[in-house]
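Below is one structure, written out as structure tokens; comments come after it.
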Amino acid sequence: MSNTDSGHPATHAFDAMVKAPDHHFLLLENGKVRVLDTKVKPGDRTPVHGHEWPAALYVLSWSDFVRYDAEGNVLLDSRTNASRPAVGSVLWSNPIGPHYVQNVGDSELHILAVEVKG
């Protein structure tokens with residue numbers, strides 16, 4: 001299996017690897033999946049970026065965060081969720097348009113994202 005098979009490259013104008021490379025690290029990419037190691041330190045904010053494909057998200061460490069759309073409107077504030085995902089839990093995410101994330105907690109938000117290419 002090739003780690004760089006470009007059979008289905010990203011086409012999103014706000015692709016995370018292009019717009020927010022300091023927070024997304026490519027671990028593997030082929031024609032079926034792209035695996036990103038995503039890290040946002042406490043108090044840090046990502047640039048505006050997007051995710052073209054749905055993804056399974058594996059929680060390596062959790063911190064509260066706020067996700068904003070490109071205009072600064074709150075899309076999600078994790079502090080309002082009933083519970084916090086445990087380390088080792090898996091979440092599902094649909095594709096996400098242009099947004100940015102602010103880590104408002106006191107630890108690193110560290111997520112392994114397995115994006116499933118359609």
Please answer whether the main-chain N or O of G43 pairs with a side-chain N or O of Q102 as donor and acceptor at a distance below 3.5 Å.
yes

Can you confirm if the aromatic rings of H24 and H49 lie within a centre distance of less than 6.0 Å?
yes

State, yes or no, whether a side-chain contact exists between R34 and L26 at a heavy-atom distance under 4.5 Å.
yes

Taking all non-hydrogen atoms of both residues, which atom of S63 and which atom of G105 are closest, and how far apart?
OG-CA, 3.1 Å

Donor-acceptor check, side chain of S107 to backbone of W62, threshold 3.5 angstrom: yes or no?
yes

In this structure, would L28 and L57 fall into the same cluster of hydrophobic residues linked by side-chain contacts under 4.5 Å?
no

4.5 Å side-chain heavy-atom contact, K32 and K117:
no

Applying side-chain contact (heavy atoms from CB on, under 4.5 Å) between T46 and each of V40, D22, L109, N103, report the one that passes.
V40

Between the OG1 atom in T38 and the CZ atom in F25, the distance rounded to the nearest 0.5 Å is 8.5 Å

Does any part of the side chain of S93, heavy atoms only, come nearer than 4.5 Å to the side chain of E115, both counted from C-beta?
no

Shortest non-hydrogen contact from L60 toward D37
CD1-OD1, 4.4 Å

F65 backbone acceptor or donor facing S78 side chain under 3.5 Å
yes

Kindly work out whether a path of hydrophobic side-chain contacts (I/L/V/M/F/W/Y, heavy atoms less than 4.5 Å apart) joins I111 to L27.
no

Please determine whether residues V114 and W53 belong to a single hydrophobic cluster, defined as Ile, Leu, Val, Met, Phe, Trp and Tyr linked transitively by side-chain heavy-atom distances below 4.5 Å.
no

Would you say CG of N73 has more than 12 non-hydrogen atoms from neighbouring residues, nucleotides or ligands within 6.0 angstrom?
yes

Do you know which two heavy atoms are closest between H12 and G50, and how far apart they sit?
CE1-CA, 3.9 Å

Counting distance only, does the side-chain N/O of E52 pair as donor-acceptor with the main-chain N or O of T11 below 3.5 Å?
yes

Between V90 and A56, the two heavy atoms sitting closest are CG1-CB, 4.3 Å

Which atom of L36 lies closest to which atom of M17, heavy atoms considered:
CD2-SD, 3.5 Å

Donor-acceptor pair between N94 and H51 side chains, under 3.5 angstrom:
no

Do the side chains of V48 and V74 join up, straight or via other hydrophobic residues, at under 4.5 Å, putting them in one cluster?
yes

Within this structure, what is the NZ-NE2 distance for the pair K19 and H99, rounded to the nearest 0.5 Å?
13.5 Å

Please name the residue in the list N81, V66, I96, V101 that meets the side-chain contact (heavy atoms from CB on, under 4.5 Å) test with L76.
N81

Could you tell me which residues satisfy salt bridge (Lys or Arg N to Asp or Glu O under 4.0 Å) with D77, sequence neighbours excluded, listed by chain and number?
R79

